[in-house]
Amino acid sequence: EVQLVESGGGLVQPGGSLRLSCAASGYTCMGWFRQVPGKEREGVAVTGNGFTWHADSVKGRFTVSQDSAKRTLYLQMNSLKPEDTAMYYCVAAHLPWGTGCSGGYLSGFGVWGQGTQVTVSA
């Protein structure tokens, strides 16, 4: 089974920035989810087939992008807050013809990475 590999997590002070990377190739729908122990996993950002979505909680601070040449998905995270502390997962999927890219599709049918920890603390 193909696995995705995330990198770029770490410890950062509030207001700081991090960029997460995910090595993946050939997928038509990709995104980032995050999870805190004891809480439900939540979608952070999704991109694919001309569609891009960011959760309200990160809109204006986080930006998802992909470099097709490098076959890499990124999540640029600025103005980080303590509540952004979580394990961040890269997810990717091949979309069947006529299926739109969405967090719901990724959650149900995507390939997941092992996760990278982001901790925002003074």
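Note that the numbering runs from 1 along the sequence shown for the chain.
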Could you walk me through whether Met77 and Leu20 pass the side chain to side chain contact (heavy atoms under 4.5 Å, CB included) test, one step at a time? CA-CA 8 Å; Met77 305 186 295; Leu20 305 183; 3.8 Å; yes

Side chain to side chain contact (heavy atoms under 4.5 Å, CB included) between Leu11 and Ser121: does it pass, once the steps are laid out? CA-CA 7 Å; Leu11 173 64; Ser121 174; 4.2 Å; yes

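- A 6.0 Å sphere centred on CZ of Phe109 holds no more than 12 heavy atoms belonging to other residues, nucleotides or ligands.
- With hydrogens and angles left out, the side-chain atoms of Asp67 and Thr72 include no donor and acceptor closer than 3.5 Å.
- Within the structure, the side chain to side chain donor-acceptor pair (under 3.5 Å) test picks out the following pairs touching residues 43-52 (sequence neighbours left out): Thr47-Thr52.
- In this structure, the ring of Tyr27 has its center less than 6.0 angstrom from the ring center of His94.
- In this structure the side chain of Val118 reaches within 4.5 angstrom of the side chain of Leu18, judged on heavy atoms.
- Contact between Gly110 and Ala93 at its shortest, heavy atoms only, is CA-CB, 4.0 Å.
- The aromatic ring centres of Trp112 and Phe33 sit less than 6.0 Å apart.
- In terms of heavy-atom proximity, Cys101 sits nearest to Gly48 at CB-O, 3.8 Å.
- Taking the ring axis of Tyr74 as reference, the NZ or CZ atom of Arg19 stays within 45° of it and closer than 6.0 Å to the ring centre.
- Nearest heavy atom pair, residue Leu73 against residue Ser65, reads CD1-O, 3.3 Å.
- The OG atom of Ser57 sits 8.5 Å away from atom NZ of Lys81, with the distance rounded to the nearest 0.5 Å.
- Hydrophobic clustering (ILVMFWY, side-chain heavy atoms < 4.5 Å, transitive): Met30 and Val111 are in one cluster.
- Across Cys22 and Leu4, no two heavy atoms sit closer than the pair SG-CB, 3.8 Å.
- At least one side-chain heavy atom of His54 sits under 4.5 Å from a side-chain heavy atom of Val64.
- Counting non-hydrogen atoms of neighbouring residues, nucleotides and ligands closer than 6.0 angstrom, the CZ atom of Arg71 reaches no more than 12 such neighbours.
- Within a 6.0 Å sphere centred on CD of Gln114, other residues, nucleotides and ligands contribute 12 heavy atoms or fewer.
- Evaluation of the salt bridge (charged side-chain N to carboxylate O under 4.0 Å, His left out) rule for Asp56 yields Lys59 as partners, not counting sequence neighbours.
- Contact record, Gly113 with Tyr89: O-CD2, 3.6 Å, taken as the closest heavy-atom pair.
- Partner of Tyr88 under the side chain to side chain donor-acceptor pair (under 3.5 Å) criterion, chosen from Glu6, Gln117, Arg34: Arg34.
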Please assess Cys29 against Leu106 for the test side chain to side chain contact (heavy atoms under 4.5 Å, CB included), listing each intermediate value before the final yes or no. CA-CA 7 Å; Cys29 182; Leu106 286 174; 3.7 Å; yes

Evaluation steps, side chain to side chain contact (heavy atoms under 4.5 Å, CB included), between Phe62 and Leu75: CA-CA 7 Å; Phe62 291 12; Leu75 184 68; 4.2 Å; yes

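- Linking Ile, Leu, Val, Met, Phe, Trp and Tyr whenever their side-chain heavy atoms come within less than 4.5 Å leaves Leu95 and Trp53 in two separate clusters.
- Applying the side chain to side chain donor-acceptor pair (under 3.5 Å) test to Arg61 and every residue at least two apart in sequence or in another chain returns Asp84.
- Considering every non-hydrogen atom in both Asn78 and Ser17, the closest pair reads OD1-OG, 2.9 Å.
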